[in-house]
Structure formats: C-alpha cells, structure tokens
Amino acid sequence: MHFFSVIRWIAWKDLLSEYRNRENISSMFFFALNVILIFSFSFSLDPVTIKEIMPGIIWVAFGFTAIIGLGKSFLIEVNNDCMEYFQTLPVPKGAIYLGKFLGNLLFMLTVEVILFPLFVLFFNLDILDQLLPLLLISAVATIGLSALGTLFSALTVQVRAREVMFPILLLPLSVPIFIGAVEATRGALSGDAFSMYSHWIELLLVFDVIFVIVSFWIFEFILDY
Amino acid sequence: MHFFSVIRWIAWKDLLSEYRNRENISSMFFFALNVILIFSFSFSLDPVTIKEIMPGIIWVAFGFTAIIGLGKSFLIEVNNDCMEYFQTLPVPKGAIYLGKFLGNLLFMLTVEVILFPLFVLFFNLDILDQLLPLLLISAVATIGLSALGTLFSALTVQVRAREVMFPILLLPLSVPIFIGAVEATRGALSGDAFSMYSHWIELLLVFDVIFVIVSFWIFEFILDY
Amino acid sequence: MVATHFIGKLRKFEKWFGIVAGVLIAVGLYTGLVTSSPDYYQGEVVRIMYIHVPFAQTAMLAYSSLFLCSIWYLWKRESVVDNACHAAAGLSLFFTAGGLLTGSIWGKPTWNAWWVWDPRLTSFAIMFLTLVGYLMLRTFLDDKEKRATFSAILAIIGFIDLPIIHFSVEWWRSLHQPLSVSTRGVSIAPDMLIPFTLMSFGVGLLFTYMLMVRTQMLYLEHLLEAKQGRLLNEGQG
Amino acid sequence: MRFSQLSDMNAILGSSLSKSFQHYQVLKEVSVEIQQGECYALFGPNGAGKTTLLRIFATLHRPTSGRFEIMGMDGSRDRVKVRNTIYLIGHGSYLYDDLSVKENIQFAIGIRGWNPTDGEIKKALDQVGIGRFSRLRSRYLSAGMKKRLSIAKALLIRPKVLFLDEGYASLDERGVDMMNECIRTFTKAGTAVLMTTHDRGPTAEVAHRVGVLNRSALTEMTVKEMVAADALF
Amino acid sequence: MRFSQLSDMNAILGSSLSKSFQHYQVLKEVSVEIQQGECYALFGPNGAGKTTLLRIFATLHRPTSGRFEIMGMDGSRDRVKVRNTIYLIGHGSYLYDDLSVKENIQFAIGIRGWNPTDGEIKKALDQVGIGRFSRLRSRYLSAGMKKRLSIAKALLIRPKVLFLDEGYASLDERGVDMMNECIRTFTKAGTAVLMTTHDRGPTAEVAHRVGVLNRSALTEMTVKEMVAADALF
Ligand code: HEM
Ligand SMILES: Nc1ncnc2c1ncn2[C@@H]1O[C@H](COP(=O)(O)OP(=O)(O)OP(=O)(O)O)[C@@H](O)[C@H]1O
Ligand SMILES: Nc1ncnc2c1ncn2[C@@H]1O[C@H](COP(=O)(O)OP(=O)(O)OP(=O)(O)O)[C@@H](O)[C@H]1O
Ligand SMILES: [Mg+2]
Ligand SMILES: [Mg+2]
C-alpha cells in the first residue's frame, strides 16, 4: 500500500543518512556520557542518596539526550527545503510523521541501550534481575518521548529561535512521561514486585497511544498550514 | 582606544539585538524553569535528600541553560556570514572575543539572577543570610562558563553537527567549574563559614583567569584559520 | 620541502625507537611479572601496576605531545604537523583507554568497584572525553585548514586538564594512589622500582615509535588524497 | 493541431489572486490563464511577488483572497489532487546531503509511489549533463549541478504543470541552453511551464507568452514586445 | 594622466596561485595583475573557482601554493595591513537581522574605527536607492536590497581594492545600472575592482579588462574580444 511505502521511504532515507554519518549517533552517545559525568559531580554520591536519586539521574540524562537528539531530527528536512517538497507531495502526511517517528524511536532506543550498561558501571547498580522490566519501562517511555519530540521538532524547526523553543514546548508536555518513567524505574531498581509499579507502565502506555495518535493526526497541519 | 571601541561595538550590537528580541531572554528563562520542573519531578523531594542535592540541581540547571543559551551565541554571526566579515576586519580579533564574552556573561547572569528566587520559592530554600557568598559564587563560576562557552560556540558554529558538538566539547572542560561551583554552593547553603569553602572560589578564580586569557589569545585562530 | 625533510627524519630514526622500546618492555615485563615479589597488602594483583601506570603516564605524555604539536601547527601551519597532531590524538586516546581499562580491572579487587568518582579518575575521564571530542570534531570538518586549526585550539585549551590529573591526588584527599615519585622522594620498593622504570620508559618509547609511524601513515594518506585530486605538486618538491 | 487539441482546458487559471504578508500587500487581484503545452515567462523587479505567485499556485501559500485552478481542479479544495499534477523547481534543492545523486532521485520519485528503473534515471541525468556524478553525495554538488538535478527529477516526474523559479539562475551559458532544451521537451509533451526570470535573452527562445509583475499588478505582452521593449518596468 | 600616475604599483598581484580543497584542485598556477583604478571582470563556468580566487585575495582562504600582494603588501605576512585596504561583497550580506539598515551600517563601519555622520550614511544609501528604508530592520530586506546595502557600505569604506562576487546577481535591470554607476565611482577614485560575473552585457559597460577562468587556468582578453566572442568557454 502506498501509505506504508511512504513510511518505508522516509525511514530508509533517515537510516541511510544516519549510517553515512555514523559519527552522529556516537556523538549523541558521548553527549549522554558527558551528562553522566556532570551529574555524578553535581550530586553527592553516598550510597543511600544515590539510590534515591538514581532513577531521576537516568531519566534526566535520557531527557537531555532526547532534547539534543530529537531537536535536530527535522533539521535535515529544512536544510534544503525538503519540508517544502513534502508539503507539495500528493501523499498522506501522517505517513511522513510515522516514518520520522520510527527513525527517531530507533535512534533513541539505540542510545539508551548503549547507555544503560554505563550507568550500571559508573554507579555500581545491581540490576541484572530487573533487566526485563527496565527495558520495558525504557521502551514505553521512549515511545512517548519520541512521538512528542518528532512532532515538536517538525514544529520548531521552522521557527526562529528553534534551539530554545524545542525544549520549551517539549519539556512541559513530557512531564507526565518523566513522572511515570521515574516512578516505575524507582520501583524496578528497589526490587519491588512488578505489580507494584505496573500501573505506572500502564499510564505510560496510555500516554503513548494518545501522543502518537494525536501527533499523527495533527501533523497534517504542520505540513499544510 | 580602538581595541576597546571594538569591544564596545560588538557588545552594543549584541545587546541591541537581544533587546529587539526580548522573547529570546524570556525563552531562556522559561527553559530553565522547565528544567527545574523536570528536576523537581524526577528527584524525590524529601527535605533531607533535597538539601543534599540542591547545589547539584541548581548548577545542572544553570549548566543546561548555558548549553542552550551560549551555543547559539555565534549563530547570529554565521547567519549572514558575519564571521567572514570579522575575518577580513583589520582589528584585533581578541577584542571581538571579549565583546562577545561580555555580552554572554551579562546574558547568563541575568538569567541566573532571575532564576535564583525561583529556586528559593520552589524548593523552600533559606538563603537570605548567604546571599552575598552565593552571588559571588555564581559570578565566578559564570565567568568561567561563559569564557569557555563563547570560545566553543565560535568554534562549533562553523561545524556540521554543531548542536551536539557544542556540549560535547564544552562539558568535559567545564567539569572543574561545576565541581567548584557545586562544592562552594553546598558550603554556602549549609551555612558554613565563608573561609571553609573559600578555597573553591579561589579555584574557580584561577580557572576563570586561565580560560579567559587562553581563549582571548586563541580566538585569533578561530577567525583566521 | 619541510614535509619531505621531516618525514625523511622520521623514517631514519623510527626503528631505533622501536627496537629500544621492545627491549625495555620485554625485560620490564619479565622482571615485573616473574621475578619481582608480590605486594605486601595487595598480593599478586599488584602486577597490573606494571601495565597500568606506564599506560596512564604515556597517555599523559601523548597528550603533552599533542599539545606541543598543536602549538607548533598554529605557529608554522605545516600540514605535516597537523598529521602529527592527528596521530598523537589517536594514540593518546588509545593509551587513555588502556589506562582506564587496566585501572578499572585493578579497582575491582582493591576498591570493590569498577569505578569511583575520585578526582584523578574523573580528570582522567575528562581527558578521555576531550580526546573523543577532538577526534569527532575532526570528522565533522571538511576544510583542511579549518580542521587543523580548530582541533589545535581544542587540544590547547584541553591541556588544562593535565596538571589536574597529575596533582589531583595531592590537592584532594583521594582514593587513588598518591604520586610515588615526587619532590618528597621515592616511595616504592627497589625490586619493584626497576621493572616499573623499565616499563615506564619502554611504553613511552613505544608511543614515540608509534607516533612516528602513524604520522607517516597519515601523511601518505594525505598525499594519496592529493594524488586522487591530481595535485602532486605539493609532496614531491 | 496538437496545441489547439490540448487547450480546451486551462492548465493554470488564477483569478483575482491577492496575497499580503504581515505589513505588506504583495499581490493585488492578479489574474492569469496558462494553457497546456505553453511556456509563460514572468518578469518583474526585485520583490514584486513573482516567487509568491508561483508558491501560491504550487499550494505552498494560501492566497489572501481570490481562487485558482490547476488542470481544472480547485486549488484550495482539491489540494491533494492538484499536487499530483504539479512540480516546483524553486530556491530549495530538496536534497539530502548524505544521499548520492541517484539515491536522492530514487527517494524523491519513490515517495510519490513510482520506482523508476536505473536506466530511466540514468537517461534523465544524462539529459541534464550530470550522468557522471550519479554516485556522488549531493553535499558536494555545486549550485549549478543542483539545479540540473532538479530538472532531471522533473523529467522523471513528468508533471502536468511545472513551476520554475529563476529558471536560469546559477546556470552557466551551456546550462542555460540545456534548460531551454528541457523546457521545449516539456511543452512538447503538453506540460504547462510557468517560470520567473530576469534574463530576456534566453527567455525569448522558449517563452510563448510574457507577463510583467510590477507594483502588485500583472501586465501581459508577447515575446516580441518583450524583446523590443526598452525596459520592462 | 591620472591613470598612469597611479599605476606605478599593482593594486592586486597574484603569482602562480594554486588552491585545492580535499579532493579537488580548483586553481592551478593562476597569475594576475590588476592596476589601481582598473575594473577587471572574471568570467568562467560554474565551479571554475572564481569565488575561490576572490576569497584568496580577500584573505579568507590561504592559497595552497603561490603568493599574492595587495597594494604592494604581502598577502600572508601583512594580512592585517592588507585588510585595511580591501572590501569584499560576496554571497553573505554581513547583516544582523534585528538591527536597522542604518544601525547595520554604523556597526560595520564603526568597528573599523570610523564613525560616519548621519548625512554621510544617508548620502550613500540614497546613491544605491534604498534611502527610504534606512530605519527598516534588515530582516525584511529582499535579496536585491541587501546587495544594494553592501554597495552602500563599500561607498562609505572607500577601500583601495574592491572584490565583487557575482556583481549583478539578484539585481533587477535598474539595479544593474546603479551598480555600474557605482563601479565607475570607485574606479574614478582609484579603487581597483575585481568582479566575477556571468552577464556579458552589463559587464562590457564598465570593465577595463576581462579574464576567463576555465579548467583551473586563466586566459585574459580585452572587453571587445569578450563581447565579440561566440562563447567564452
Ligand atoms: C579506572 C581506574 C583508574 C584510573 C583512571 C587511573 C588513572 C591513573 C593515572 C592517570 C595515573 C598517572 C598519574 C601521573 O602520572 O601523574 C595513574 C597512576 C597510578 N595508578 Fe591509577 N588509575 C586507576 C586505578 C588505579 C588503582 C585501582 C590503583 C591501585 C590501587 C592505581 C594505582 C596507581 C599507581 C600506583 C600509580 C602511579 C602513581 C604515580 O606515580 O603517580 N590506579 N593512575
Ligand atoms: N514569508 C514572507 N513573510 C513576509 N514577507 C514576505 C514573505 N515572503 C516574501 N515576502 C515579501 O514579499 C515581497 C515579494 O517577495 P517575492 O519573493 O515574491 O519577490 P520576487 O518577485 O520573487 O523577487 P525576486 O526577483 O527578488 O526573486 C518581498 O518584499 C518580500 O520581502
Ligand atoms: N570550502 C570548500 N570545500 C570544498 N570544496 C569547495 C569549497 N569551496 C569551493 N569548493 C569547490 O571548488 C570549486 C570551485 O568553487 P567556486 O565557488 O570557486 O566556483 P565559482 O567559479 O565561483 O562557481 P559559480 O559560478 O557557481 O559561482 C567547486 O567545485 C566547489 O565545489
Ligand atoms: Mg523570487
Ligand atoms: Mg561563485
């Protein structure tokens, strides 16, 4: 079907560009490493406190990586006015959104999967038995974050002060995602039973569905104002 | 003297542009507000922990504000190739650096001065008697951060992946500044005698001097590669 | 031309550095791992010191040479010096990674953690990240002069980290071992000192040898690129 | 005759189009009709609104008032259908710097739901004179080469209506000839070409009709009048 | 005569200049001499290296080999002094979007250590035809108006050597005349003008000498030969 072929073309193009610029993804990763470094200094690290604030540290680090990484996701589209080409294209615009969203999701997940072991190493976490729930939490939280991030990246990339506007729009709306992710992660890290924090994951799932569907529908208007 | 007149012209131009774009500084301010918001949700906030991590929260918030705010400081210069004009200018390039640096410093200090009361409000801090040392700490730390930030902004703004490269280059080298600022702030917030943490301030001063002098000298080469 | 002259010198002397480095490392490893006695407190684990310390020191040596070459480049603007900078940065990253790795391995038994947030370790990590930033900056810049100049600037400003690494154990009370050789004298057992010294000089010389070879390689790559672009006028003069 | 057969329907029909940006009325009640197979050249001083008019027809801007039809379809109601028939070569190159010339073409055409063969792509690239560069990353193309690539895409897409903004800009003298050759190919195939330009010489070789946009109003003339005129505005 | 009095020294002297970017040798042993008060026009196909040559003379690129002098001063050793005498009108407008036209001029001239009076600024703006817009933020200027503003700056700076990249680009027909008028003003005052261009017509009116850069080599000709030639490259 043409709808899916559009998604495929967009994702193909993004992944190919990303592959040609492998430094890009590694730079994101080193950015996150830097964030860890700064955090570990800025927060006192006695074992009790660290346990308290670890979920926060993890998600704030992912959050800032998302701000830097997703914020530039549509830059490639405005550089040579490709957004304009999309606008004049006789295809469903939502498919373009989904293509970009999938690319961004993959990108964020990759960075997170590489970063998790580093957190474990640097902060001496003990998470092996909690790996599955943690991965699940990452996935559902990242879906919501990417959905929002993709939408706002498309929106702010055409705006004058885009570097600032992107986080200003993204952060407030992603607060629910942060809360859910932090609380669920806290549960997992302190070894609670899954059922004790699974309601947070359900909450995240609800947000995911809402954000993806609303963004999908609303994207039409970003390209066709 | 011509040297100082160059500094004055650069600062005049930056401040005038900033004034014409008042949204810019207010958006920076809202960005920092967002960061506080995310932090207050991501970190559990029982009074003991908060006291522990407060200095870190403050400085990480300022740090990210600096990344977003300083990173775009030279954007205005590349947009219409003004960097090129600077390059062909028969004036000492260090003066251009100092002009930009002063503008950025003022900008950062403004944001910080507006944010401090908000921290006090949001986190119920009790800082009135420590106001002077805190202002001093902010000033010396911000000088170093702005000096480095101005230099790296000029450097990365001409690079392909500038959004990512700026924090990647800036963060590691500003770790000493963060450490100094966080430790001094911790001292001040916990009501220690000034002499107990003044060595951190001295350290920050040393870094300030080094960073400003080296950047001033080296800036020549950024404009004349 | 300057470049050919310089490269000629490198080619002439490189093998001596290689040979001496090989000998020193061989003897150092033998005395260190086989003949020297285990540490009173740490036991056999201490033998990793003969790798860890030379690697960490050489990483700093490598960064220092990067620093000097960068200043040299800004001064003379010879593209072959930029090749040397590039080589020194890569090697510096290699030895830094080696120091981090061996240190972590050593840390697990002694501190019961792969990593602690101690000043020396952190400042060393800063150097690691600075070098990564350096190499990354190079890949993002296409223009040759711009790349050489900008990366030199970064290397110079990043040099501030080196004294911090070295003196951090003095300035702050820290977990890491203090300086064993300092103005206050030598604090190390003699039968450990000999392999230790041999290894330090050996790995240092090994770095010098690798730097010479790598610089030539990068220079040749540059010539090849030039040849592909039909500009042989530069290298042959 | 071919021309009269096709011309039972206007390819482009604009009636009393107005457009104002914040402070500034750029177009005021502009009307224009362009037939299939016709090449219409739009002259006018800097800032007259030529680009704006093209972008309205290309469904990139909405007119403040007035309406327009492309191939008989309403430009506001039937936007999606209109978009199936048009192609704009504007200031943007629509390229991804890290894809090769060929990959860029594959993407741009593929996303419209059609996959040209390698042979077809090669033929189009050869026709615009950049066949040799098909594997080069588009980052390394010069401005003139990017322009040629856009024309190659248009050759493959075969739109019913082609908009050319500053058709000859950044092309050297041989490039201008190539461009005129391509415009002739298009008009022969029945495509309507609407182009803005400042260069009277090359335009005279291909244009069928000429319009001058000045002070937000359009005056029409023949090619002969255009060539003979002392100054157009 | 004025011309011969000045011409005891070359304003621009390039000898065997070569420049290569990564893969690509753009200039190969290019030599050129331009006298004071002379207008030299540089033609050449897209990507021939015209802009590159101008940028070398303007001390923006360093030549890979070869050397050049501006007003008798060495282009590498005496960069700062050279920069006192030159001005480049290139692709960049060197403007700050949020400053007004007048403020932009004040900044650009002021930072060179000279503060022109309001009257002088107004005179220069009137000369290039944008006096009315002196209080408009430069964000709202069209491409042609930005070009004119650059010329106004040059008129105030009065450089000894002026570089014009694509002198006539984005100017309408009246703008081209204005540009030629300004070039004449400059050459009369003894300024050497080196400009790249694709337009033979307007160039013929002001150029004293013509060079064609093609396949990284420069061939010189007179204006008459240029006008008469069938194709320049
Ligand atoms: C990841 C962990 C580690 C890192 C990054 C690290 C880093 C360094 C560095 C950079 C130096 C060279 C300092 C200089 O020459 O100024 C050094 C030296 C040394 N390290 Fe480590 N180290 C680590 C772990 C350890 C451990 C666990 C031990 C032993 C308990 C240790 C023992 C030593 C000793 C004895 C020296 C020589 C001291 C001197 O002469 O300065 N290191 N280390
Ligand atoms: N998005 C916009 N917002 C505000 N003003 C605009 C916008 N686009 C164009 N303008 C203004 O509208 C006017 C017409 O612009 P347009 O680009 O259509 O001119 P043009 O005829 O194409 O000129 P040129 O010959 O320079 O290409 C200009 O004054 C321009 O400043
Ligand atoms: N910074 C650069 N890095 C790599 N290649 C470059 C760079 N600048 C120019 N080039 C290449 O050098 C060649 C000459 O470019 P230049 O801009 O000088 O051409 P030009 O004669 O001005 O062409 P035009 O008529 O299109 O303006 C082009 O092929 C271009 O791709
Ligand atoms: Mg236009
Ligand atoms: Mg050019």
Side-chain angles (χ1 to χ4, degrees), chain A residues 21 23-35 37-46 48-50 52-61 63-65 67-69 71-72 75 160-172 174-176 178-183 185-186, chain B residues 21 23-35 37-46 48-49 51-61 63-65 67-69 71-72 75 160-172 174-176 178-183 185-186:
Chain A
N21 268 317
E23 316 94 44
N24 240 334
I25 188 142
S26 57
S27 68
M28 282 315 303
F29 163 72
F30 281 106
F31 170 74
L33 205 63
N34 272 311
V35 173
L37 185 76
I38 291 282
F39 277 20
S40 66
F41 268 99
S42 302
F43 301 117
S44 77
L45 291 169
D46 60 293
V48 183
T49 319
I50 201 79
E52 273 287 293
I53 64 171
M54 200 56 227
I57 291 191
I58 292 180
W59 281 103
V60 170
F64 281 110
T65 315
I67 289 181
I68 302 280
K72 65 190 179 57
L75 219 57
R160 238 190 296 146
R162 79 174 116 83
E163 285 85 2
V164 198
M165 283 316 289
F166 179 68
I168 288 190
L169 295 183
L170 178 64
L171 286 181
S174 51
V175 163
F178 274 99
I179 297 180
V182 168
E183 294 301 329
T185 309
R186 175 167 300 136
Chain B
N21 267 316
E23 320 93 45
N24 235 334
I25 189 142
S26 56
S27 66
M28 281 316 302
F29 164 71
F30 279 108
F31 170 74
L33 204 64
N34 272 313
V35 173
L37 186 75
I38 289 284
F39 278 19
S40 62
F41 280 110
S42 301
F43 299 118
S44 76
L45 290 169
D46 61 293
V48 184
T49 319
K51 193 142 193 187
E52 273 287 294
I53 63 171
M54 200 54 227
I57 291 191
I58 293 181
W59 282 103
V60 170
F64 281 105
T65 315
I67 288 179
I68 301 280
K72 65 190 179 59
L75 220 57
R160 241 187 295 144
R162 78 175 116 83
E163 285 85 3
V164 201
M165 281 316 286
F166 179 68
I168 286 191
L169 298 185
L170 177 66
L171 285 181
S174 51
V175 163
F178 274 99
I179 299 179
V182 169
E183 295 300 330
T185 309
R186 176 168 296 137

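Every chain is numbered from 1 and lettered A, B, ... according to where its sequence line falls, protein lines coming before strand lines. Note that these values count all heavy atoms, side chains included, but never hydrogens, waters or copies made by symmetry.
- In this structure, B:Trp59 CH2 and A:Ser42 OG are separated by 10.0 Å, a value rounded to the nearest 0.5 Å.
- Heavy atoms of B:Leu75 lying under 4.5 Å from chain A belong exclusively to its side chain.
- Of the listed residues B:Gly71, B:Pro172, B:Gly69, B:Ala161, the one with more heavy-atom pairs under 4.5 angstrom with chain A than any other is B:Pro172.
- Side-chain atoms of B:Leu37 and A:Leu171, non-hydrogen and from C-beta on, never get closer than 4.5 Å to each other.
- Inter-residue side-chain proximity for A:Pro167 and B:Asn34 is flagged as unmet; no heavy-atom pair is nearer than 4.5 Å.
- The nearest pair of heavy atoms linking A:Ile168 to B:Ser27 is CD1-O, 3.0 Å.
- The distance from the CD1 atom of A:Ile68 to the CD1 atom of B:Ile68 is 5.0 Å, given to the nearest 0.5 Å.
- The aromatic rings of B:Phe64 and A:Phe39 stand perpendicular to each other, their planes meeting at an angle above 60°, with 30° marking the opposite boundary.
- In this structure, the separation between CE on A:Met28 and CD on B:Glu163 is 10.5 Å, given to the nearest 0.5 Å.
- If you take CZ on A:Phe166 and CZ on B:Phe31, they are separated by 11.0 Å, rounding to the nearest 0.5 Å.
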